[in-house]
Amino acid sequence: MKPSSSSLGDGDKSKKESDVDVTTRASNLLVYGSGKGNQQQGSYSKDAISAIILRCSGNSDYFRQQVVKDDKSNERIKEMKSKFEREGGSCLCSSTMQSIDALVDKYRGNRPKESNKIVVDMDSFYYSCALARHKEEGTEPTHQGVHLNQIPVVVGGGMILTSNYEARKYGVRSAMAGFIADQLVTELSNGKVKLLHLKSDHKYYAAKSAQVRSILMEYDPNLKQYSLDEFYLDLTAYLATTTTNDGSVVDVQEVVEKMRARVLAECFLSCSAGIAPSSVLAKICSDWKKPNGQFYLPPGDESVMAFMRELDCRKIPGVGRVTQKFLAAFGIDTCAHLFGKRYDIFKIFKEKTAGFLLRASVGGWGGGEDEDSTASSFGSTGDQGQKGISIERTFSAVWKREDVRNMLEHVCDKLGENMERKGLRGRRITAKVKLASYVVFSRSKTGRMYMNEKEEILKVADELVERVRKEVEARDDLEWKIRLLGVRVDEFEVKGGGGGSIEKFFKKVGEKEGRGGGGEKEGAVEMGDEEEAVEVGDDVEVVEVDDYVEVEDDVEVEDDVEVEDDEEVMLSLSQSQRDGEHDDDWKFAKALQDRYDEEQKQFEQQMNKGREKEKEREERKEAGGGRGKLTDEQLARRLQKEEEMWDRGRRRKEKTVNKAGDAKRQKTILDLMKGK
DNA sequence: GCGGATCAG
DNA sequence: ATGGCTGATCCGC
C-alpha cells in the first residue's frame with residue numbers, strides 16, 4: 001500500500017515531501033500497530049481502517065510524537081543492522097554455536113511431560129460483564145431493540161477499554177482513542193451505524209472476577225491470577241485425585257470443558273482456555289480458539305515444536321510491537337525463523353533478550369524455576385513482591401506554578417494514602433511529566449530516608465518537577481505546558497527481613513521513646529520543627545545506614561568525607577554507649593542522624609557536580625559542532641560513518657570473526673546453561 | 001543510579 | 001476538541 005504521493009502538486013515541495021514522509025512511516029506504524037489479536041471474518045480491510053485512523057490522527061500532537069518515537073526505533077534498527085554486518089553477519093565460532101545448541105537441547109528436554117497447565121482468559125471481559133449484568137437483573141441486553149452482540153459496542157469513553165467482536169470488525173481495539181473508534185464505525189458503515197459506549201464499572205468486574213475465581217479454585221486452590229480476567233491453573237493434583245464414575249482416568253480436555261461450562265452457567269461469562277505443558281504455552285494457546293473455545297497442546301517435543309514453528313513472533317508474551325519490528329528487520333517473522341536464526345540473535349540482541357528469544361523459539365518454558373518465577377499474588381495475599389507504587393493523572397494542560405503544584409499535591413495525596421494502606425515506604429522518588437506535546441520526562445532521586453508521607457513525597461517530587469521545568473524552559477523546541485503528572489516510589493525498605501544489630505539498637509531506642517519499635521506505620525508524628533521531625537526512634541530509618549554507605553562508595557567521595565563500613569558504624573555505636581557520654585540514647589541517635597544528613601548533603605552536592613559537568617560537556621559539544629540540533633545530528637552521523645569505515649577496514653585485516661565478542665557470548669550462554 | 005523504552009493487561 | 005493507568009524489566013550510559 002502506498003499513500004497517494006501522486007496527488008501532490010509541485011509547489012512548496014520541501015514541506016509536502018516531509019508530509020509524505022510522515023504519512024508513509026505513519027501508515028507503516030499502523031500496520032504493525034494492529035496488535036496481538038487475530039483478524040476475523042467479516043472485517044473491513046486493513047487499508048481502509050488505517051486510512052481512517054491516519055486521517056483522524058491528522059496532525060495531532062499525540063500522533064506526531066508517535067511518529068517521532070517510531071523514527072527513533074527505526075534508527076535503532078538501522079544501527080543494529082549495521083553493527084551486525086560490521087561484525088561479520090551470521091558468523092560465529094563453532095564452539096559458540098555448539099553451546100547454543102546445547103542450550104536449546106536443554107530447553108527442549110526440560111519441558112514438563114504432561115499438558116496440565118491451564119490458562120483461563122475471559123472473553124472481552126468488561127463487555128461480557130455488561131451482558132452478564134443484564135442476565136442477572138433480568139433486563140434485555142439490547143439497544144434500540146437490537147441485541148448488543150449485533151452492534152458495535154465498547155466499554156470506555158475517551159479511551160477504549162474493551163470492544164465486542166462486532167466493533168472489532170471495524171478495527172476498534174482496546175487502547176484506542178474513543179473519537180477515532182467512533183469515526184471508524186460511522187465512516188465504514190457509511191453513517192448507518194453508530195458505536196455504542198458503555199460505562200466502565202470496575203467494582204462489578206472485580207466481583208465477577210472473584211466469582212469466577214472461586215469456581216476455578218475448586219480445580220486448583222493455588223491458582224494464580226494476574227489480572228481481573230486471567231487465571232493460571234495447574235491441574236496435576238486435580239487429575240491425579242479425580243476419577244470418572246466408572247473409575248477411569250479423567251481427560252484434561254473434558255475437565256476444562258466442564259470448568260468453562262460451569263463458569264458460563266454460574267457467572268454468565270464465557271472464557272477461553274489453553275491447555276499445555278507450561279503456563280506460557282498455555283497462555284499462547286488460550287488465545288487460539290477465542291472466543292468461547294479451548295486449545296489443547298499435547299506434550300512432547302514434536303508436538304510443541306510443530307506448534308511453535310507456525311507461531312507468529314508477536315504471539316510470544318513479551319514480544320510487542322517494537323520487538324516484532326526489530327525481528328522483522330532481520331527477516332524473522334515466525335518462531336521457525338527465530339529458531340533458524342538462533343545463532344544470529346545472540347549477535348543482534350543483548351544477553352537477556354537473546355536468551356529469552358532463544359527459549360521462546362522452541363517453546364522451552366516450564367523447566368522448573370521459570371514456572372514459578374512468574375508467580376504473582378493478584379487479589380490474594382497482597383503485595384509482598386511489589387517493587388514500586390505509582391500514581392499518574394492526565395488533565396487539561398496547565399503551566400502556572402500554582403496549578404502544577406496543585407495537581408502534584410493531588411497526586412501525592414493519593415500516593416501517600418495508598419502507601420499507608422499497604423504499609424510501604426520507599427527511598428526513591430520518581431516524578432513523571434508529560435508535556436502537552438506528549439514528550440515525556442522522568443526524574444528521580446534516591447534518598448537516604450524511607451518515605452511514605454504525602455508531605456515528604458510532595459517535597460521531593462516538587463523539586464524534581466521544577467528540575468524538569470527548568471530543563472524544558474531552557475529549550476526552544478519545547479513548551480512548558482503539561483498534561484500529565486505522575487509520582488512513583490520504589491526501593492522499598494526490607495520488612496521483617498532479619499534486622500541486624502543496628503536495627504535492634506534502634507528498636508530499643510524506639511521503645512524508650514515510647515513509640516514502639518515494631519515498624520508499624522503510624523501517621524505523621526508531629527514534632528516541634530522541620531528538622532526535628534526526623535523520626536530518630538523509628539527503626540525503619542536504620543536499614544538504610546549500610547545502603548547509604550554503599551551509595552557513597554560508588555560516588556567517589558571527597559577524601560575528607562568519612563566513609564565507614566557497617567562494622568565501624570556498629571563499633572562507634574557500642575563505644576559511645578560505653579562512653580556513657582550519651583546517656584540519652586535519643587540524643588546520640590539524633591547526633592548520628594545529623595551526621596547522616598550531612599553526608600546526604602555532600603552526596604547530593606557530588607551528584608550536582610556530576611550533573612553540571614555533564615551539562616558543560618554538552619555545551620562544549622554544541623559550541624564545537626556549530627548550532628542547531630540538525631547540525632549536531634549530522635555531525636554525529638558522519639562521525640559514526642567514519643568509525644564504521646574504519647571499523648570495516650580493521651575487520652577485513654583481521655579476516656576472522658570477532659573472537660573477543662564471541663567469547664563474551666559464550667560466557668553468556670554458559671551462564672544461561674548454569675541457570676538450572 | 002538514572003532516564004528512556006518497551007510490554008502487559 | 002477529544003489519545004489512560006499501574007507495575008515491571010531491560011538497556012545504555
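By convention in this document, chain letters (A, B, ...) are assigned in the order of the sequence lines, proteins followed by strands, and residues within each chain are numbered from 1. For clarity, every value in this text was computed on a predicted model and none was experimentally measured.
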> Between A:Thr394 and C:dC5, does any side-chain N or O lie under 4.0 Å from OP1 or OP2?
Replying inline: yes
>> Would A:Tyr226 and A:Phe231 count as a ring-ring contact (aromatic ring centres under 6.0 Å, His included) here? Give the steps.
In response: CA-CA 7 Å; A:Tyr226 288 85; A:Phe231 304 87; 9.9 Å; no
> Do any N or O atoms from the side chain of A:Tyr205 and from the backbone of A:Asp201 form a donor-acceptor pair under 3.5 angstrom?
Replying inline: yes
> Separation of A:Lys432 atom NZ from C:dA8 atom C1', in whole Å?
Replying inline: 13 Å
>> Please pick, from C:dA8, C:dG3, B:dG3, the nucleotide with the shortest atom-to-atom distance to any side-chain atom of A:Arg467.
In response: B:dG3
> Between B:dC7 and C:dG4, how far is it from one C1' atom to the other, in whole Å?
Replying inline: 15 Å
> Reckon A:Thr353 touches a base, only the sugar-phosphate, or nothing at all at heavy-atom distances under 4.0 Å?
Replying inline: sugar-phosphate
>> Output one letter per nucleotide in nucleotides 4-9 of chain B: B when a protein non-hydrogen atom lies under 4.0 Å from the base, S when only the sugar-phosphate is that close, - when neither is.
In response: SSSSSS
>> Any salt bridge linking A:Lys36 with A:Asp287? Criterion: basic side-chain nitrogen under 4.0 Å from a carboxylate oxygen.
In response: no
> Just how far, in rounded Å, is C1' of C:dT2 from OH of A:Tyr62?
Replying inline: 13 Å
> When you measure from the side chain of A:Thr186 to the backbone N and O of A:Asp182, does any donor-acceptor pair fall under 3.5 Å?
Replying inline: yes
>> In whole Å, I'd like the distance from the CE atom of A:Met419 to the C1' atom of C:dG7.
In response: 14 Å
> Which pairs with one or both residues in residues 409-435 of chain A pass ring pair (Phe, Tyr, Trp, His ring centres under 6.0 Å), sequence neighbours excluded?
Replying inline: none
> Considering only side-chain heavy atoms of A:Arg428, which listed nucleotide, B:dG3, C:dG3, B:dC2, is closest?
Replying inline: B:dC2
> In whole angstrom, what separates A:Glu491's CD from B:dG1's C1'?
Replying inline: 9 Å
> CD1 of A:Ile429 versus P of B:dC2: gap in Å, rounded?
Replying inline: 11 Å
> DNA chain C: A:Arg393 or A:Gln66, which has the more 5' nearest nucleotide?
Replying inline: A:Gln66
> What is the distance from CD of A:Glu392 to C1' of C:dG7, rounded to the nearest Å?
Replying inline: 10 Å
> Over how many whole Å does the gap from A:Asn418 atom CG to C:dC5 atom C1' extend?
Replying inline: 12 Å
>> Would A:Arg359 pass as a cation-pi partner of A:Phe356, given that its NZ or CZ must be under 6.0 Å from the six-membered ring centre and within 45 degrees of the axis?
In response: no
>> For C:dG7 and A:Ser390 - does any side-chain N or O of the residue sit under 4.0 Å from the phosphate oxygens OP1/OP2?
In response: yes
>> Centre-to-centre under 6.0 Å for A:Tyr450 and A:Phe492, is that the case here?
In response: no
>> Looking only at the side chain of A:Lys350 (C-beta and beyond, no hydrogens), which of the listed nucleotides C:dC11, C:dG3, C:dG7 gets closest?
In response: C:dC11
> In whole angstroms, how far is the P atom of C:dT2 from the CD1 atom of A:Ile180?
Replying inline: 12 Å
> Closest to the A:Arg483 side chain: C:dG3, C:dA8, C:dC10?
Replying inline: C:dG3
